[in-house]
Amino acid sequence: MSYELVIGLETHVELSTESKIFCSCGGHSAAKEPNDCVCPACSGMPGMLPVMNKRVVELAVTAGLMLNCEISRYTTFDKKNYYYPDLPCAYQITQLNHPICTNGCVTIKTSGGNRDIRIKQIHMEEDAGKLVHGGKSSFVDFNRTSVPLIEIVTQPDFRSAEEVVTYLNKLKSMFRLGGISECEEGAMRCDVNISIRPEGSTEFGVRTEIKNMASFEAIEKAIRYEAQRHMDALDFGTEELVQETRRFDDVSGKTFAMRNKETEADYRYFPDANLMPIIIDDEWLEQIKANKPVAVDEKAEEYREAGIFDKEIDMLLASHKIAKLLDDIVALGCDAKDGAAWILTDCAGILRKDGKTLGELAITPEKLSAIIKMVDEGKINRGAGKKILIAVIEEDVDPVAFCAQQGLDRKVDTSMIEQIIDRVMADHPQAIEDYKNGKTKAAQALFGACMKELKGAGDPAVIKELLEEKLKNA
Amino acid sequence: MKYYAAELCDRGTVAVDDMVLVKDAPATAGSRILEGFTPLFSAEAVTRLEEKGYSVSGKTHVGEFGLDLVGEFSYYQPAEGELKGAAAELVASGAVQAALGVDMNGAPRRAAALSGVSFLKPTYGTVSRYGVISCAASGEQLGVYAATAAGISEIMGVIAGHDEKDGTSLRQKEYDYSIEKNINGKRVALVKELLALADDATRARVLAFADALKKQGVSVEEISLDWTDHANTAWQILMTAETCNNVSRYDGVKFGHRAAEYKNIDELYVNTRTEGFNFLTKSVILYGSDVLSKNRYKDCYDKSLRVRRVIAERFEKLMAEYDAILTPVCKNTSYQPYEIRQAFGKVFEESVFTAIPNLIGTPALSCGGVQLMGKQFSEGTLLSLAAGVEKEGN
Ligand SMILES: [Zn+2]
């Protein structure tokens, strides 16, 4: 029998905020040692109260806007109760009754054409810590505790593993571009709800949920395995399907049922009295909307129109920081295509030599655009521009001052060039004699001496012209 | 009775009960589960007192998580003789000028009445709960014990006002707790049903208080309230649910008591909590997890939230006609130690007098062995009425 695959997704995304969701600890990415980023609040000590990080609300709303959601003007937090050593309060603060965003939609491009995936809701919540097992003991690391997450819940609208991966890749570039999340390894985790039904049927089959997968590859494999398991069960009666929670084992490539104890818990949700309802008024919403980046597709189109190649566009859109740098230098008057080349070729090349990636680029748009402009205006040649760029990236010097100081400027005052030519000529009377006697090679030697004195500054063509004129009149 | 650092207690100093954190001083909430826990910071109220030059030098015992009548079930200080409450008794002895206490289910108000001092449970959100060992976040408030209304007014002026570290703290920076000299013309209502629940001696106290008010030109009128039981039931449901949730962090993993014997994480939890909590706390945990369970949530917890809204409306309507409500604080004028197995029922029964202010966040003053309740931010009026009666007594 031919079956249709029905998949819904719950995706947890770690937000790129300076601090945790309810305390002022830095995000765990700053942590070097276990429990580096921990305070009395996020380690569950008594007497501490959660205080809402407004930035989390803004990023969640931005995500909602990018996914065409309705934004709730009144949103509340609930407590989800369960015991686990990595959960210091024995409850997780999440949103059950009034999530921040609802009813969205995102379009994905698949081999079968465009597909609309409906977003049921987006809610904010805190992450849990991590257990480290060693020998006879286990240790808890609370660095990740209370790191802000959003969970994006879709309707069961996916029909293949390919669609799921396309959607996840789209979320990833969207969130990177929106500054919502850098979506690094492990910062995006998925629960997959899956069932199958005979082609043409409108009823849902028995649904299983595969929990907590971090790599797209694993998600794809898990879906394929699970779909096959369901089909075998229906076609050949290999087993009886039950609604349950399963986990995917990367090594064997199979899914396994989790213990009932873990899946049938009553989480006893109830409102968190320590956090007042958040009211998102018109003014705040408008402010968030004004700062909202354009959607990935629009941005890509904009770059394409500017003549940037697709491969370069992908590299630019892979990071919010890099795309923003390009936009900023364009706003400062640089050409987009040219700017992209400076960033993706020159900057990336310099970083690569130091064993760094483009993500680590630290240059202000003002400095980069100053260099590009000097080259465009013909003040310096591209080689000199690159020399300045290295100094800016490595030592954060001022490009204009550095250029003058190093004498890299091509259009040095002609009177200064003339002075140097005069001096060189005075120092080499023999060469002038030779020139007068028809030895044109002598001019070559004088030109070299001038260039040496000018330390590469000045336009060679201009120098040559001035020198020849002076020689004729000598 | 012994107190932490009792020798340091002196006139001019303020004591705090053991639900309130003081940096570097052990904090136990009267429970074995927190044995050995030392906080890294002080409660906001403590910091504010210290900044104003008060010396916060001693901590007083509380019953485990403030769940009992007046502090009789502390792991560290078993009850002996007549029950009075450690902080209230310390203030009564004159050893300290005032004390801070946490009112979650009426314990400090009862203790004040039994020790002959006053305690103010302020309007919810006026005093920061930062640094208060939280049980029932939606209704607990830090309040003040003192010998007189003026003594409470002084300390409240220091500790009240917005604190950004507490998300439930109201925006207002400071409040006026000044006492009016003239209370002539104020209107007070006496609740018939609550008066009928008290014993003769308590009733006599309430009526004497009413007489003293009348002598100051206050009108006292008897009224009937048929929803005090509903208010109490709703608060006991919310309070047990929130407490169950808030004490679930005490699991032996991070701090406080940890059982010596365990083979795995489940045993660590079970053994630690079995040893760490007393019978009353365990009863509250069971009751609280039951009312939050899937099958009961709608009929218990959610319904209580709705009852809370209805009662807040009714109380507000009532307070449009009166400046304060006069009631007993507890049934009797004295209590003796009793079996912990009776505690849950006993506290439930007694909290019918005290539950409304916890449920709806309004202020209540325990003074002269009776209770005055008012609308939000009416602390000044309540203190003025009490001061008027104090004057009458002298
Ligand atoms: Zn923290």
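Please read all numbers here as calculations on a predicted model, not as lab measurements. Chain letters run A, B, ... following the sequence lines, proteins first and then strands; every chain starts at 1. Atom set for the values below is all heavy atoms of this structure, side chains included, hydrogens, waters and symmetry mates excluded.
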Between [Y] and [X], is the closest basic N to carboxylate O distance under 4.0 Å?
| X | Y | value |
| --- | --- | --- |
| B:E50 | B:R48 | no |
| B:E313 | B:R309 | no |
| A:R55 | A:E58 | yes |
| A:E209 | A:R246 | no |
| A:R73 | A:D282 | yes |
| B:K59 | B:D18 | yes |

Exercise for review: I would like to know whether B:Y75 and B:F277 meet ring pair (Phe, Tyr, Trp, His ring centres under 6.0 Å); could you show each step before the answer?
Suggested key: CA-CA 9 Å; B:Y75 174 72; B:F277 292 129; over 10 Å; no
Check your understanding: Taking only heavy atoms into account, what residues of residues 124-141 of chain A are found under 4.5 Å from chain B?
Key ->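 At a heavy-atom separation under 4.5 Å, chain B is reached by A:V140.
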Check your understanding: Does anything in residues 82-93 of chain A get under 4.5 Å of chain B by heavy atoms, and if so which residues?
Key ->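 Against chain B, the residues of residues 82-93 of chain A that fall inside the cut-off (heavy atoms, under 4.5 Å) are A:Y83, A:Y84, A:P85, A:P88, A:C89, A:A90, A:Y91.
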Indicate yes or no for a side-chain donor-acceptor contact from [X] to the backbone of [Y] under 3.5 Å, with no hydrogens or angles considered.
| X | Y | value |
| --- | --- | --- |
| B:K121 | B:M104 | no |
| A:S72 | A:P99 | yes |
| B:K254 | B:R249 | yes |
| A:N143 | A:C37 | yes |

Check your understanding: Looking at NE2 of B:H61 and CE of B:M19, how far apart are the two atoms once the value is rounded to the nearest 0.5 Å?
Key ->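 If I round to the nearest 0.5 Å, the distance is 14.5 Å.
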Distance alone, cut at 3.5 Å: any donor-acceptor contact between the side chains of [X] and [Y]?
| X | Y | result |
| --- | --- | --- |
| A:R207 | A:S195 | no |
| A:T102 | A:Q121 | no |
| A:Q243 | A:T208 | no |

Exercise for review: Show the numbers, then the answer: is there a salt bridge (Lys or Arg N to Asp or Glu O under 4.0 Å) between A:D191 and A:K211?
Suggested key: CA-CA 4 Å; A:D191 301 339; A:K211 280 251 183 233; 3.6 Å; yes
Heavy atoms only, distances under 4.5 angstrom: which of [options] has the most pairs with chain A? Name it, please.
| options | result |
| --- | --- |
| B:N246, B:L238, B:V20 | B:N246 |
| B:N245, B:I133, B:L34 | B:N245 |
| B:S248, B:G256, B:A27 | B:S248 |

Chain A heavy atoms under 4.5 Å from [X]: which part of the residue, side chain, backbone, both or neither?
| X | result |
| --- | --- |
| B:R296 | neither |
| B:I265 | side chain |
| B:E242 | both |
| B:Y297 | side chain |
| B:L305 | side chain |

Under a 4.5 Å heavy-atom cut-off, does chain B meet the side chain of [X], its backbone, both or neither?
| X | answer |
| --- | --- |
| A:M45 | both |
| A:N81 | side chain |
| A:F142 | side chain |

Practice item. Would you indicate whether the side-chain heavy atoms of A:F77 and A:H98 approach each other to under 4.5 Å? Key: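 In short, these two side chains do not touch, never coming nearer than 4.5 Å.
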**Study point:** Worked verdict on A:L96 versus A:T94 for side chain to side chain contact (heavy atoms under 4.5 Å, CB included)
**Key:** CA-CA 7 Å; A:L96 180 73; A:T94 178; 5.8 Å; no
Check your understanding: Do you know which of A:S43, A:P271, A:A41 has the most heavy-atom pairs under 4.5 Å to chain B?
Key ->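 The residue among A:S43, A:P271, A:A41 with the greatest pair count is A:P271.
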Exercise for review: Mind telling me whether B:Y250 and B:F65 have parallel, tilted or perpendicular rings, with 30° and 60° as the class edges?
Suggested key: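 It falls in the parallel class, under 30°.
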Review point. Counting a contact as any heavy-atom pair under 4.5 Å apart, which residues of residues 267-274 of chain B contact chain A?
Key: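 Under the 4.5 Å heavy-atom cut-off, B:Y269, B:R273 qualify.
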Exercise for review: Report, by ascending residue number, the residues of residues 284-293 of chain B in heavy-atom contact with chain A at a distance under 4.5 Å; give 'none' if the set is empty.
Suggested key: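 Heavy-atom contacts from residues 284-293 of chain B to chain A are B:S289, B:L292, B:S293.
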Practice item. List the atom of A:C23, the atom of A:S19, and the distance in Å for their closest heavy-atom pair. Key: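 Minimum heavy-atom contact is O-CB, 3.9 Å.
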Practice item. Cation-pi check, B:K23 to B:F41: give yes when NZ or CZ is under 6.0 Å from the six-membered ring centre and within 45° of the ring axis, no otherwise. Key: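 Checked: cation-pi criterion not met.
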Review point. Given the rule in the salt bridge (Lys or Arg N to Asp or Glu O under 4.0 Å) test, do B:K165 and B:D163 qualify, once you have shown the distances and angles that lead to the verdict?
Key: CA-CA 5 Å; B:K165 297 186 291 306; B:D163 175 18; 3.0 Å; yes
